[in-house]
2 protein chains.
Amino acid sequence: MENQHRKPLNRSEGHGGRTANAYALADQIGFLLRQANQRHVAIFTSRMNEKLTTTQWAALVKLRDLQPCSQVNLGRETAMDVATIKGVVDRLAKRNLVRTAPDPADARRLVLTLTDEGEAAVDRNLSVAHDISEETLAALSPAERAMLGELLRKIS
Amino acid sequence: MENQHRKPLNRSEGHGGRTANAYALADQIGFLLRQANQRHVAIFTSRMNEKLTTTQWAALVKLRDLQPCSQVNLGRETAMDVATIKGVVDRLAKRNLVRTAPDPADARRLVLTLTDEGEAAVDRNLSVAHDISEETLAALSPAERAMLGELLRKIS
DNA sequence: CTGAAATCATTTGTATACAAATAAAGAAAC
DNA sequence: GTTTCTTTATTTGTATACAAATGATTTCAG
């Protein structure tokens with residue numbers, strides 16, 4: 001039934017010299033970013049073990065490098081909003097991958113560290129994570145991968 | 001307090017010849033895509049009128065080109081899961097920007113069209129949407145923009 | 001003509017994503 | 001020492017995002 005009975009009408013043709021054809025969804029950077037991200041997440045979900053999500057993994061890996069670390073700082077380092085990192089940390093703590101404790105020096109703060117299970121989960125999955133990035137970028141040459149990284153950093 | 005008392009330990013050093021330093025979150029394609037997407041969404045949200053979200057806008061613009069169109073098809077064309085497009089269409093219908101009706105030829109289907117208000121909202125915001133993409137890509141030269149688009153398509 | 005497979009839509013559940021409001025605690029200014 | 005500002009964390013609400021299950025309807029194979 002799709003479009004079978006009705007010819008598409010470019011309603012804004014003639015308006016201000018810019019036709020509707022000038023704006024194609026498939027060419028918009030937002031659309032391209034969303035699609036690329038979705039495919040990456042799908043690859044991640046299908047290959048990562050222990051039902052870890054992309055953001056849970058990011059939090060674990062970053063915490064391993066920064067620990068001990070405050071929750072707000074971990075959120076900053078992993079590009080997550082304060083409400084988002086709260087939820088991610090809660091779920092990781094619930095799975096006993098992360099330990100939380102009050103900061104003796106500053107009662108406002110929550111101090112995060114990886115548990116032994118958390119450290120082990122990171123160790124076990126580093127090569128998997130590497131393979132995930134590899135699969136996401138499989139269609140690109142090494143030079144193209146470097147270029148993509150540079151261009152994405154430029155627009156972030 | 002961050003890392004003040006504890007030197008970072010690269011626990012996996014010596015394991016299989018690949019150090020933890022080989023996996024830096026900030027270099028991962030997933031992280032870069034997520035950050036670029038977040039910045040784009042923030043720009044979109046701050047500039048788009050009528051509290052339209054990126055996915056609502058995508059649905060409106062695509063529907064304008066495809067209408068009349070089934071819900072499942074609109075979801076496919078806008079890279080949205082069947083549960084997701086259902087929610088997006090519900091919110092647009094609730095705002096009277098989209099009309100839904102059963103398909104006389106196929107009782108399984110929901111046929112979508114834009115209302116007059118929906119058409120008007122698209123017309124009013126095409127140049128805004130164009131400016132949003134422009135701002136997202138402002139740091140890139142025309143050649144870099146084309147390259148980014150091509151690379152993102154290759155990994156989608 | 002009948003049964004199986006496929007399609008479309010809805011629902012439920014879980015996980016982000018983030019704005020905004022709120023509260024507690026620490027830092028800074030006076 | 002007090003007041004104001006900033007920081008950290010939690011909570012609430014709204015919007016995706018998608019897997020999985022379910023039901024109705026259409027299509028296809030035999």
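Residue numbering restarts at 1 for every chain, and letters A, B, ... go by the order of the sequence lines.
The hydrophobic clustering, which links ILVMFWY residues whose side-chain heavy atoms are closer than 4.5 Å, places F31(B) and V41(B) apart.
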Contact pattern, 5' to 3', of nucleotides 14-22 of chain D - B, S or - by protein heavy atom under 4.0 Å: -SSBBB---
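Atom pair D106(A):CG and dA9(D):P shows a separation of 8 Å (rounding to whole Å applied). Per the geometry, CZ belonging to R108(A) stands 5 Å off C1' belonging to dA25(C), to the nearest Å. Rounded to a whole Å, the CG atom of D90(A) is 12 Å from the P atom of dA9(D). If you take CD of Q71(A) and C1' of dT11(D), they are 13 Å apart, rounded to a whole angstrom.
Screening residues 25-38 of chain B for side chain to side chain donor-acceptor pair (under 3.5 Å) gives S133(A)-Q28(B), R153(A)-D27(B) as the qualifying pairs, with residues at least two apart or on separate chains.
Through chains of ILVMFWY side-chain contacts below 4.5 Å, I29(B) is grouped with I29(A), L32(A), L33(A), L137(A), L140(A), M147(A), L148(A), L151(A), L152(A), I155(A), L32(B), L33(B), L137(B), L140(B), M147(B), L148(B), L151(B), L152(B), I155(B).
When each of V72(A), L112(A), T55(A), T78(A) is paired with I85(A), the side chain to side chain contact (heavy atoms under 4.5 Å, CB included) condition holds for T78(A) and for no other.
Residue-to-nucleotide contacts include no donor-acceptor pair under 3.5 Å from the side chain of R109(A) to the base of dT8(D).
Contact check on D123(A) versus R64(A) returns a salt bridge, with a Lys/Arg side-chain nitrogen under 4.0 Å from an Asp/Glu carboxylate oxygen.
An OP1 or OP2 oxygen of dA9(D) is reached within less than 4.0 angstrom by no side-chain nitrogen or oxygen of K86(A).
A donor-acceptor contact under 3.5 angstrom links the side chains of Q67(A) and E119(A), judged on distance only.
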